[in-house]
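What follows is a short report on a single structure.
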Amino acid sequence: MLTELVPEEQYESLRSSMDEARAMGRLLARTGAVHLSMGVHHGESGEVLHSVFLIKWEEVPWAPPKLAAAKAALASSEAREAELVDLPCGPAAVVESLNKREGQNVFQLTGYLPHPDGRRVAVLALSTTAGSDHEHDRDMFYGIAGMVSFDNPLPPQLREQIPEAQEVAAARDVFGRSSARPPPRLQGQWR
């Protein structure tokens, strides 16, 4: 058990931190978050960097996928750059921003990936306190975004027992969703 690894004098502090983490998890879940990862690692010059990766759902009025992606990206108030890309799961928009928070530069990449049902957008956000070279962060983010799939992950024999919603299957047919698409490529860019 975790409490056995913590010295007795630090147990209350750990318990308080765990309570705060649970409260944050409940708050994030209410905003559509389904995944949150936090990391601490060293940069190339030895500095300590912090990173956060978030996945959440946003409900949107129905729109064709490219339009839904573009609208979501344009709604981002801190966008420095945005681009439309083709991912294996369909069209998406990726917004890049650089902000100063509490004296540190925070680089963020946010991807807006419309679900085939046309009513939701998966939002992937990677934030880091990394310095000025963000090429590695971009490569990593596009690698993650390129693995997103809205296809039913169940084996074929179980798909028949647990079919996907008719709207999802119909949208997949109309928009040609397939995991056989080529890797991401730039369609357009605006600044």
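Side-chain contact check for T31 versus E58: every heavy-atom pair is 4.5 Å or farther apart. Side-chain contact between D117 and W62: absent, with no pair of heavy atoms (C-beta onward) separated by less than 4.5 Å. Looking at E96 and R138, their side chains come closer than 4.5 Å, going by heavy atoms from C-beta outward.
Note that the NZ atom of K100 and the CG atom of N105 stand 4.0 Å from one another [nearest 0.5 Å]. Interatomic distance, CZ of F107 versus OG1 of T128, reported as 9.0 Å (0.5 Å rounding). A distance of 11.5 Å separates SG in C89 from CE in M147, rounded to the nearest 0.5 Å. Distance CD1/I144 to CD1/I55: 8.0 Å, rounded to 0.5 Å. Atom CG of residue L87 and atom OG of residue S149 lie 11.5 Å apart, to the nearest 0.5 angstrom.
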- [ ] Would you please test L54 and L124 for side-chain contact (heavy atoms from CB on, under 4.5 Å) and show each step?
- [x] CA-CA 6 Å; L54 173 74; L124 283 62; over 6 Å; no
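Contacts of S37 classified as side chain to side chain donor-acceptor pair (under 3.5 Å), with partners at least two apart in sequence or in another chain: H35. Residues forming a side-chain contact (heavy atoms from CB on, under 4.5 Å) with T110 (at least two apart in sequence, or on another chain): Q108, Y112, V123, A125. In this structure, the side-chain contact (heavy atoms from CB on, under 4.5 Å) partners of P155, at least two apart in sequence or on a different chain, are Q157, L158. Qualifying side-chain contact (heavy atoms from CB on, under 4.5 Å) partners for V60, counting only residues two or more places apart in sequence or in other chains: V121. Partners of V52 by side-chain contact (heavy atoms from CB on, under 4.5 Å), not counting sequence neighbours, listed by chain and number: L36, M38.
Between V95 and A82, the shortest heavy-atom contact is CG2-CB, 4.1 Å.
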